[in-house]
Each structure stands twice: as structure tokens, then as C-alpha cells.
Enquirer: 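Can you read through this structure? Questions will come right after.
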Amino acid sequence: MTLITPQFAMAESVIEKIQRTGTLTAGTSREALPFAFADDQGQLQGYSVDMLKLMQDQLKKTLGRDIQLQLVALNPEDRIPKLMQGEVDIVCDASSYTWERDRKIDFSVSYGLTGTRLLVKQQHAEWDVADLADKKIAAIAATTNEIAIRRAQPQAQVVIVDTHADGYDALQDGTVDAFAADGILLDAWLQSVNNPSEFNIIGYFSKEGIACMVPENNSQFMDQVNYSLVRFMQGYLQGKEPYVGMFDRWFGDQAKVPLTQDLRALVLEAMQLVVDFKEEIPEQDL
């Protein structure tokens, strides 16, 4: 009898792909300042991009070869499809955990903290949840911000926009009454405009951990991702460079988006919890 070979070969894992190609292909954002954004020269950078560079270094050590980091700017709705199709190996931008997303992909440990807030005109700074009924609130599709607003005020009219820039424009021209987005991203925008006194950021409609997303069932790759993130957080909490400088570059007192004392305390507490649940990384690896 003739031996029949399988019709399809088993797909290679992410770690095998990186070993073969020498490239870590990472999805990120061009407008999620300070997590991931395009600078004036069009170069992608930010806190999450720095985390990807730490993963690149870790993979070099583990795989024993040079690894290139290829950054790909993705729209929010494209992140999970691109992961599932194998077009990117990982997504690190300002993604937060949801159970629905977790059914399709896997999440790293959390390395940041944010939450849904509303950007409004200054005259609406006193609005509360009840005031949002029948108001037009812009949100980007397939984000936790859209979900949070729909849950908080089902009677609000959620207006879907494609990008953060579209949300800001819609608020400024009066097409919508508010724009829902991550609070840190709204802070960053507010500090970049010429008329910040005309706007205000209100409410906390969710609190979410920021994490990277990877394709499902890639344990070896996830080990490298999590080790890189925990090493960063442990090093930062112990006051070691370059981790302190890396964090403060984006969130320190002189950064474009300095954290409030309350939010900084929450971020540090969240980091400590992640580190405490893992075996301590040896001093020589920090």
C-alpha cells in the first residue's frame, strides 16, 4: 500500500519562525502616544516599542543569533486578525485584556495601566454618567473604550470613528459631544494642542491593564515575552538603569505625559503584584 502523507504540514510556531527568519515582526500603533506613536520623522516609538526592543534583546540571547525588529503600524480593528493570520508575531501598543479577545489570542503579563475616560468641551466638565444619555460619544471600533461607554450608559449614542484623530476632530467641530479613549492618550493629546483650556477629561469608565497580544498556543514565545516584561518591571522597582530611564522617558515628571501621583501609585502597585507572582529574576540578568 502507498503511504499517504498529510495534506498539510504542521505550522511552525512563532519562536521557530523567528529563529528561521531572524526577524521579530511586531504590530503597534502610530497614534497611541505615549505607548506607541509615529514621531515627526514617521518613526514608530513609545513605551510599548521600548518593551518590544527588550524582547528583541532577550530573543537574541535565547536563540543565539541576531534578531531584527520589524515594526508594523496597525489600526485597532486589524490587530487580532493580523495576529491570527500570522502576519505579525506580537502586538504591543495600548491593548488591554478582554475575555472576548482572549478567546482568539493570548495576553502577556500586564506592564501598564490605563482606563476609559471622556474628552469633552470645558462647559461640560461637570457631566456625570446620567448626563451622557442621548449624547453623541465618539469611540474607535473594536476597543475597550467603546465597550465601557456602552456599559456605563446604554442610552448614549456611540459614534464609531476610525482613528483618534477622527475622534478629536469630531469633538472640536461639534459632530459629537465627547470622545471616549484611554485617559493617558487623552492627556497626551491635551498637552499637545494650542487651546487645552477649552477641553476637559472626565470620569473613569474602566480601569484596564496594558498587555501585549500574541497568537494562541505559543508557550515558548510567551515565555520570552513575559520574562522581558517582568525583568523590566523588577529592574524598575529596584531603581536600576536602564529601566528607570526607560519608564521616566514616557511617564516621568519631565515626560510629555507625566503621570499623576495617584495613577503613578496605581501603576507601581500593579507592577509589584506582577513581579511578586513570579520567581525573582537573578541579579545578573537584570
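Side-chain atoms are counted along with the backbone in the values below, which use heavy atoms only and exclude waters and symmetry mates. For reference, positions follow the sequence shown, starting with 1.
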Enquirer: Any heavy-atom pair between the side chains of Arg151 and Phe205 that's under 4.5 Å?
Expert: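 Result no, sub-4.5 Å side-chain heavy-atom pair not found.
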Enquirer: Taking only residues two or more places apart in sequence or in another chain, which ones pass side-chain contact (heavy atoms from CB on, under 4.5 Å) with Gln220?
Expert: Ile15
Enquirer: Once the angle between the rings of Phe247 and Tyr47 is folded into 0 to 90°, is it parallel (under 30°), tilted (30 to 60°) or perpendicular (over 60°)?
Expert: perpendicular
Enquirer: Say whether, by atom type as modelled, one donor and one acceptor occur between the side chain of Ser48 and the main chain of Ala36 under 3.5 angstrom.
Expert: no
Enquirer: Could you walk me through whether Tyr111 and Phe232 pass the ring-ring contact (aromatic ring centres under 6.0 Å, His included) check?
Expert: CA-CA 9 Å; Tyr111 61 94; Phe232 163 76; 8.0 Å; no
Enquirer: Could you list the residues that satisfy salt bridge (Lys or Arg N to Asp or Glu O under 4.0 Å) with Lys135, not counting sequence neighbours?
Expert: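 For Lys135 there are no salt bridge (Lys or Arg N to Asp or Glu O under 4.0 Å) partners, ignoring immediate neighbours.
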Enquirer: Can you tell me which residue pairs pass the disulfide (SG to SG under 2.5 Å) test with a partner in residues 216-262, sequence neighbours excluded?
Expert: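 Of all non-adjacent pairs touching residues 216-262, none passes disulfide (SG to SG under 2.5 Å).
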Enquirer: So do Phe221 and Leu24 actually touch side chain to side chain, heavy atoms under 4.5 Å?
Expert: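 Side chain of Leu24 against side chain of Phe221, heavy atoms only: contact under 4.5 Å found.
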Enquirer: Can a donor-acceptor pair be found, under 3.5 Å and without considering hydrogens, that links the side chain of Thr116 to the backbone of Asp182?
Expert: no
Enquirer: Taking the hydrophobic residues Ile, Leu, Val, Met, Phe, Trp and Tyr, and joining any pair whose side-chain heavy atoms are under 4.5 Å apart, which ones share a cluster with Ile201?
Expert: Leu119, Ile140, Val159, Val161, Tyr168, Leu171, Val176, Phe179, Leu186, Trp189, Leu190, Val193, Phe199
Enquirer: With a 4.5 Å limit on heavy-atom distance, are the side chains of Lys17 and Val14 in contact?
Expert: no
Enquirer: Not counting sequence neighbours, list each pair that qualifies as a disulfide (SG to SG under 2.5 Å) and has a residue in residues 14-99.
Expert: Cys92-Cys212
Enquirer: Could you name each residue pair satisfying salt bridge (Lys or Arg N to Asp or Glu O under 4.0 Å) that touches residues 207-221, not counting sequence neighbours?
Expert: none
Enquirer: Check whether any side-chain heavy atom of Arg79 sits under 4.5 Å from a side-chain heavy atom of Leu83, and report yes or no.
Expert: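 The answer is no; the side chains never approach within 4.5 Å.
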Enquirer: Decide yes or no for Val49 and Phe37: does some side-chain heavy atom of the first lie under 4.5 Å from some side-chain heavy atom of the second?
Expert: no
